[in-house]
Amino acid sequence: MNGGWIGLFLLMLVVGCGGPKTSPERPPVVFPPPHPSSTNTVASQAEAGDAHAQYQLGAQLDNGRNAMEAAMWFKRAAEQGHREAQFNFACMLAEGHGVEVNAIEAAKWFSKAADQGLAAAQFNLGVIHEEGRGLDKSGIEAVKHFQQSADQGYAPAQFKLANCLLRGTGVVKDEVEAVRYLVPAARQGFLEAQYYLGFLMARGRGVTKDPVNALVWLNLAAAKGHVAARKEKASVAAQLSPADVGKAQRVALQFKKQNKAMPPPRPAPNN
(Lines give C-alpha, C1' and ligand atoms only; values in the text may rest on other atoms or scores of the structure.)
Protein backbone atom coordinates (compact mmCIF):
# COMPACT_ATOMS: atom_id res chain seq x y z
CA MET A 1 0.00 0.00 0.00
CA ASN A 2 1.65 3.26 -1.01
CA GLY A 3 1.05 6.83 0.00
CA GLY A 4 -1.60 7.21 -2.65
CA TRP A 5 -3.80 4.48 -1.17
CA ILE A 6 -7.47 4.88 -1.91
CA GLY A 7 -9.63 2.46 0.03
CA LEU A 8 -12.97 0.97 0.95
CA PHE A 9 -15.98 1.49 -1.27
CA LEU A 10 -17.06 3.45 -4.36
CA LEU A 11 -20.31 5.31 -3.85
CA MET A 12 -22.75 6.38 -6.53
CA LEU A 13 -24.08 9.78 -5.54
CA VAL A 14 -27.19 11.09 -7.26
CA VAL A 15 -28.45 14.66 -7.42
CA GLY A 16 -31.03 14.63 -10.19
CA CYS A 17 -28.41 13.79 -12.79
CA GLY A 18 -25.67 11.23 -13.29
CA GLY A 19 -23.98 11.21 -9.89
CA PRO A 20 -20.22 11.23 -9.36
CA LYS A 21 -18.28 8.65 -7.43
CA THR A 22 -16.22 9.25 -4.34
CA SER A 23 -14.34 7.02 -1.97
CA PRO A 24 -12.89 7.21 1.50
CA GLU A 25 -9.29 8.19 1.47
CA ARG A 26 -6.09 7.40 3.21
CA PRO A 27 -4.03 10.59 3.32
CA PRO A 28 -0.55 10.03 1.95
CA VAL A 29 2.15 9.26 4.46
CA VAL A 30 5.37 10.43 2.89
CA PHE A 31 8.79 10.02 4.44
CA PRO A 32 12.10 10.96 2.86
CA PRO A 33 14.51 8.08 2.24
CA PRO A 34 15.76 7.38 5.76
CA HIS A 35 19.41 7.49 6.67
CA PRO A 36 20.47 4.03 7.93
CA SER A 37 21.26 5.37 11.38
CA SER A 38 17.88 7.10 11.65
CA THR A 39 16.12 3.92 10.56
CA ASN A 40 17.93 1.99 13.24
CA THR A 41 16.94 4.63 15.80
CA VAL A 42 13.27 4.46 14.84
CA ALA A 43 13.37 0.66 14.94
CA SER A 44 15.01 0.70 18.36
CA GLN A 45 12.45 3.16 19.70
CA ALA A 46 9.64 1.09 18.20
CA GLU A 47 10.96 -2.08 19.79
CA ALA A 48 11.14 -0.21 23.09
CA GLY A 49 7.43 0.55 22.85
CA ASP A 50 7.35 4.13 21.57
CA ALA A 51 3.98 4.45 19.80
CA HIS A 52 5.00 7.24 17.42
CA ALA A 53 8.14 5.36 16.41
CA GLN A 54 6.00 2.27 15.81
CA TYR A 55 3.74 4.34 13.57
CA GLN A 56 6.73 5.80 11.70
CA LEU A 57 8.26 2.37 11.21
CA GLY A 58 4.94 1.01 9.97
CA ALA A 59 4.69 3.84 7.44
CA GLN A 60 8.24 3.30 6.23
CA LEU A 61 7.65 -0.43 5.83
CA ASP A 62 4.33 0.18 4.10
CA ASN A 63 5.95 2.54 1.61
CA GLY A 64 8.60 -0.12 1.09
CA ARG A 65 5.91 -2.70 0.24
CA ASN A 66 6.42 -4.80 3.37
CA ALA A 67 2.74 -4.76 4.21
CA MET A 68 2.63 -7.55 6.78
CA GLU A 69 5.29 -5.94 8.99
CA ALA A 70 3.75 -2.54 8.45
CA ALA A 71 0.40 -3.83 9.70
CA MET A 72 2.09 -5.34 12.75
CA TRP A 73 3.66 -2.01 13.73
CA PHE A 74 0.54 -0.02 13.00
CA LYS A 75 -1.40 -2.40 15.22
CA ARG A 76 1.10 -2.06 18.07
CA ALA A 77 0.89 1.72 17.91
CA ALA A 78 -2.89 1.60 17.50
CA GLU A 79 -3.23 -0.47 20.66
CA GLN A 80 -1.43 2.33 22.50
CA GLY A 81 -3.96 4.87 21.25
CA HIS A 82 -2.01 6.43 18.35
CA ARG A 83 -4.85 7.73 16.20
CA GLU A 84 -3.00 7.84 12.86
CA ALA A 85 -1.87 4.26 13.43
CA GLN A 86 -5.43 3.27 14.29
CA PHE A 87 -6.57 4.82 11.03
CA ASN A 88 -3.86 3.19 8.91
CA PHE A 89 -4.43 -0.21 10.49
CA ALA A 90 -8.16 0.15 9.86
CA CYS A 91 -7.48 0.94 6.20
CA MET A 92 -5.37 -2.20 5.88
CA LEU A 93 -8.09 -4.31 7.50
CA ALA A 94 -10.71 -2.81 5.20
CA GLU A 95 -8.77 -3.65 2.07
CA GLY A 96 -6.97 -6.81 3.19
CA HIS A 97 -3.56 -5.23 2.72
CA GLY A 98 -0.99 -7.04 4.82
CA VAL A 99 -3.79 -8.66 6.83
CA GLU A 100 -6.98 -10.53 6.05
CA VAL A 101 -10.05 -8.44 5.29
CA ASN A 102 -12.03 -7.84 8.45
CA ALA A 103 -14.77 -5.22 8.12
CA ILE A 104 -15.79 -5.42 11.77
CA GLU A 105 -12.24 -4.87 13.03
CA ALA A 106 -11.72 -2.08 10.49
CA ALA A 107 -14.83 -0.32 11.76
CA LYS A 108 -13.61 -0.69 15.34
CA TRP A 109 -10.29 1.01 14.61
CA PHE A 110 -11.87 3.71 12.46
CA SER A 111 -14.20 4.40 15.40
CA LYS A 112 -11.28 4.75 17.81
CA ALA A 113 -9.46 7.18 15.50
CA ALA A 114 -12.69 9.09 14.86
CA ASP A 115 -13.31 9.41 18.60
CA GLN A 116 -9.93 11.13 18.81
CA GLY A 117 -11.00 13.67 16.21
CA LEU A 118 -9.23 12.41 13.08
CA ALA A 119 -11.24 13.89 10.21
CA ALA A 120 -10.39 11.20 7.66
CA ALA A 121 -11.45 8.49 10.10
CA GLN A 122 -14.72 10.28 10.80
CA PHE A 123 -15.35 10.43 7.07
CA ASN A 124 -14.58 6.74 6.54
CA LEU A 125 -16.74 5.83 9.51
CA GLY A 126 -19.59 7.73 7.89
CA VAL A 127 -19.14 5.70 4.70
CA ILE A 128 -19.12 2.47 6.70
CA HIS A 129 -22.41 3.40 8.36
CA GLU A 130 -23.89 4.39 5.02
CA GLU A 131 -22.88 1.09 3.44
CA GLY A 132 -23.48 -1.09 6.51
CA ARG A 133 -20.09 -2.82 6.29
CA GLY A 134 -18.86 -3.79 9.72
CA LEU A 135 -21.45 -1.59 11.44
CA ASP A 136 -25.22 -1.25 11.30
CA LYS A 137 -26.42 0.61 8.23
CA SER A 138 -27.66 4.02 9.32
CA GLY A 139 -28.03 7.17 7.27
CA ILE A 140 -28.41 9.22 10.45
CA GLU A 141 -25.14 7.90 11.90
CA ALA A 142 -23.43 8.40 8.55
CA VAL A 143 -24.46 12.05 8.44
CA LYS A 144 -23.31 12.56 12.03
CA HIS A 145 -19.79 11.45 11.16
CA PHE A 146 -19.73 13.32 7.85
CA GLN A 147 -20.73 16.43 9.81
CA GLN A 148 -17.90 15.96 12.33
CA SER A 149 -15.36 15.59 9.53
CA ALA A 150 -16.81 18.39 7.40
CA ASP A 151 -16.70 20.82 10.31
CA GLN A 152 -12.94 20.24 10.45
CA GLY A 153 -12.65 21.36 6.83
CA TYR A 154 -12.18 17.91 5.28
CA ALA A 155 -13.26 18.41 1.67
CA PRO A 156 -14.46 14.84 0.89
CA ALA A 157 -16.74 14.99 3.93
CA GLN A 158 -17.99 18.46 3.04
CA PHE A 159 -18.96 17.16 -0.38
CA LYS A 160 -20.51 13.97 0.98
CA LEU A 161 -22.54 15.88 3.57
CA ALA A 162 -23.71 18.26 0.85
CA ASN A 163 -24.80 15.28 -1.23
CA CYS A 164 -26.78 13.84 1.69
CA LEU A 165 -28.47 17.23 2.14
CA LEU A 166 -29.31 17.39 -1.56
CA ARG A 167 -30.91 13.94 -1.48
CA GLY A 168 -32.39 14.10 2.02
CA THR A 169 -30.53 10.96 3.03
CA GLY A 170 -30.11 10.66 6.79
CA VAL A 171 -31.00 14.33 7.14
CA VAL A 172 -33.78 16.70 6.10
CA LYS A 173 -33.33 17.78 2.49
CA ASP A 174 -31.88 21.29 2.36
CA GLU A 175 -30.28 22.59 -0.82
CA VAL A 176 -29.28 25.90 0.76
CA GLU A 177 -27.33 24.09 3.48
CA ALA A 178 -25.87 21.76 0.85
CA VAL A 179 -24.43 24.74 -1.03
CA ARG A 180 -22.90 25.98 2.22
CA TYR A 181 -20.78 22.83 2.37
CA LEU A 182 -20.08 22.63 -1.34
CA VAL A 183 -18.45 26.06 -1.41
CA PRO A 184 -15.48 25.31 0.89
CA ALA A 185 -14.94 21.91 -0.72
CA ALA A 186 -14.92 23.52 -4.16
CA ARG A 187 -12.48 26.19 -2.98
CA GLN A 188 -10.16 23.44 -1.80
CA GLY A 189 -10.17 22.09 -5.35
CA PHE A 190 -12.43 19.09 -4.72
CA LEU A 191 -13.47 18.15 -8.24
CA GLU A 192 -16.99 16.87 -7.64
CA ALA A 193 -17.84 19.82 -5.39
CA GLN A 194 -16.80 22.22 -8.16
CA TYR A 195 -19.03 20.42 -10.62
CA TYR A 196 -22.02 20.22 -8.29
CA LEU A 197 -21.68 23.86 -7.28
CA GLY A 198 -21.62 24.94 -10.91
CA PHE A 199 -24.57 22.66 -11.68
CA LEU A 200 -26.68 24.13 -8.87
CA MET A 201 -25.71 27.74 -9.53
CA ALA A 202 -26.64 27.36 -13.18
CA ARG A 203 -30.18 26.34 -12.11
CA GLY A 204 -30.64 28.49 -9.03
CA ARG A 205 -31.01 25.51 -6.71
CA GLY A 206 -30.07 26.37 -3.13
CA VAL A 207 -28.49 29.59 -4.38
CA THR A 208 -29.38 32.57 -6.52
CA LYS A 209 -29.12 31.65 -10.19
CA ASP A 210 -25.76 32.87 -11.46
CA PRO A 211 -24.70 31.34 -14.79
CA VAL A 212 -21.47 33.34 -15.04
CA ASN A 213 -20.07 32.11 -11.71
CA ALA A 214 -21.56 28.70 -12.42
CA LEU A 215 -19.42 28.64 -15.54
CA VAL A 216 -16.35 29.50 -13.45
CA TRP A 217 -16.76 26.36 -11.36
CA LEU A 218 -17.63 24.23 -14.35
CA ASN A 219 -14.52 25.51 -16.14
CA LEU A 220 -12.39 24.45 -13.18
CA ALA A 221 -13.92 20.97 -13.04
CA ALA A 222 -13.83 20.52 -16.80
CA ALA A 223 -10.15 21.48 -16.90
CA LYS A 224 -9.47 18.49 -14.66
CA GLY A 225 -11.22 16.15 -17.07
CA HIS A 226 -14.67 15.95 -15.49
CA VAL A 227 -16.87 14.68 -18.33
CA ALA A 228 -20.22 15.86 -16.94
CA ALA A 229 -18.72 19.29 -16.20
CA ARG A 230 -17.61 19.59 -19.81
CA LYS A 231 -21.15 18.92 -21.03
CA GLU A 232 -22.69 21.28 -18.49
CA LYS A 233 -20.10 23.93 -19.32
CA ALA A 234 -21.07 23.86 -22.99
CA SER A 235 -24.76 24.13 -22.10
CA VAL A 236 -24.26 27.09 -19.76
CA ALA A 237 -21.84 28.87 -22.08
CA ALA A 238 -24.38 28.68 -24.90
CA GLN A 239 -26.75 30.83 -22.83
CA LEU A 240 -24.17 33.59 -22.19
CA SER A 241 -22.68 36.38 -24.22
CA PRO A 242 -19.09 36.00 -25.45
CA ALA A 243 -18.10 38.70 -22.95
CA ASP A 244 -19.54 36.75 -20.00
CA VAL A 245 -17.94 33.52 -21.21
CA GLY A 246 -14.60 35.31 -21.39
CA LYS A 247 -15.10 36.73 -17.91
CA ALA A 248 -15.77 33.28 -16.47
CA GLN A 249 -12.65 31.92 -18.15
CA ARG A 250 -10.50 34.74 -16.73
CA VAL A 251 -11.84 34.27 -13.19
CA ALA A 252 -11.26 30.51 -13.37
CA LEU A 253 -7.71 31.05 -14.57
CA GLN A 254 -7.06 33.56 -11.80
CA PHE A 255 -8.42 31.13 -9.23
CA LYS A 256 -6.13 28.35 -10.49
CA LYS A 257 -3.06 30.58 -10.50
CA GLN A 258 -3.58 32.32 -7.20
CA ASN A 259 -5.98 30.00 -5.39
CA LYS A 260 -7.90 33.18 -4.75
CA ALA A 261 -11.09 32.70 -2.75
CA MET A 262 -14.14 33.62 -4.76
CA PRO A 263 -16.94 35.52 -3.03
CA PRO A 264 -19.61 33.26 -1.56
CA PRO A 265 -22.69 32.74 -3.71
CA ARG A 266 -25.81 34.68 -2.84
CA PRO A 267 -28.46 32.68 -0.97
CA ALA A 268 -31.49 31.56 -2.88
CA PRO A 269 -34.46 33.93 -2.64
CA ASN A 270 -36.94 33.36 0.20
CA ASN A 271 -34.35 31.44 2.26
Side-chain angles (χ1 to χ4, degrees), residues 1-11 21-137 141-142 145-146 148-149 152 154-157 160:
M1 188 183 309
N2 59 28
W5 186 92
I6 302 294
L8 296 190
F9 330 110
L10 290 175
L11 307 176
K21 294 180 180 180
T22 187
S23 58
E25 297 180 344
R26 180 171 171 184
V29 181
V30 180
F31 290 90
H35 187 277
S37 61
S38 65
T39 302
N40 291 338
T41 299
V42 170
S44 298
Q45 292 173 341
E47 290 285 1
D50 183 279
H52 186 65
Q54 290 170 343
Y55 165 68
Q56 286 184 304
L57 186 56
Q60 289 172 355
L61 289 164
D62 196 16
N63 286 339
R65 305 290 185 180
N66 194 335
M68 291 182 66
E69 279 198 55
M72 179 192 73
W73 288 112
F74 282 143
K75 182 179 181 182
R76 289 191 184 184
E79 289 171 342
Q80 295 195 66
H82 193 288
R83 68 176 194 173
E84 284 77 13
Q86 291 170 342
F87 178 73
N88 279 269
F89 185 52
C91 288
M92 299 182 90
L93 286 162
E95 192 185 55
H97 179 72
V99 292
E100 290 188 8
V101 172
N102 189 325
I104 294 175
E105 278 293 296
K108 181 186 82 173
W109 290 109
F110 277 132
S111 296
K112 289 180 180 295
D115 287 344
Q116 294 195 67
L118 190 63
Q122 291 165 342
F123 172 68
N124 281 15
L125 193 58
V127 173
I128 286 172
H129 272 294
E130 188 174 56
E131 292 291 296
R133 301 194 186 191
L135 289 171
D136 291 339
K137 188 173 183 177
E141 282 296 306
H145 294 295
F146 291 145
Q148 292 171 343
S149 182
Q152 292 196 64
Y154 193 59
K160 193 67 180 73

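- Glu47 places a side-chain heavy atom less than 4.5 Å from the side chain of Arg76.
- Taking the six-membered ring where tryptophan is involved, the planes of Phe74 and Tyr55 are tilted, since the angle between them lies from 30° to 60°.
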Task: Derivation and outcome, side-chain hydrogen bond (donor to acceptor under 3.5 Å, both in side chains), residues Gln152 and Gln122 - done: CA-CA 10 Å; Gln152 292 196 64; Gln122 291 165 342; 2.9 Å; yes

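- Side-chain contact between His82 and Phe87 is absent, with no heavy atoms from C-beta onward closer than 4.5 Å.
- Formation of a donor-acceptor pair under 3.5 Å by the Gln54 side chain with backbone atoms of Trp73 is not found in this model.
- Contact record, Asp62 with Ala70: N-CB, 3.6 Å, taken as the closest heavy-atom pair.
- Side chain to side chain, Gln116 and Gln86 meet the donor-acceptor criterion of an N or O pair below 3.5 Å.
- Checking side-chain atoms of Ser111 against main-chain N and O of Ala107 turns up a donor-acceptor pair under 3.5 Å.
- The shortest heavy-atom contact between Ala113 and Ala121 is CB-CB, 3.6 Å.
- When every heavy atom of Asn66 is checked against every heavy atom of Glu69, the shortest pair comes out as ND2-OE2, 3.3 Å.
- Closest approach of Ala77 to Ala85, counting heavy atoms only: CB-CB, 3.5 Å.
- Minimum interatomic distance between Ala120 and Tyr154 (heavy atoms only, all atoms of both residues): CB-OH, 3.7 Å.
- By the 30° and 60° cut-offs, the orientation of the rings of Trp109 relative to Phe89 is perpendicular.
- Taking both residues in full, the closest heavy atoms of Leu135 and His129 are given as CD1-NE2, 3.5 Å, listed atom of the first, atom of the second, then distance.
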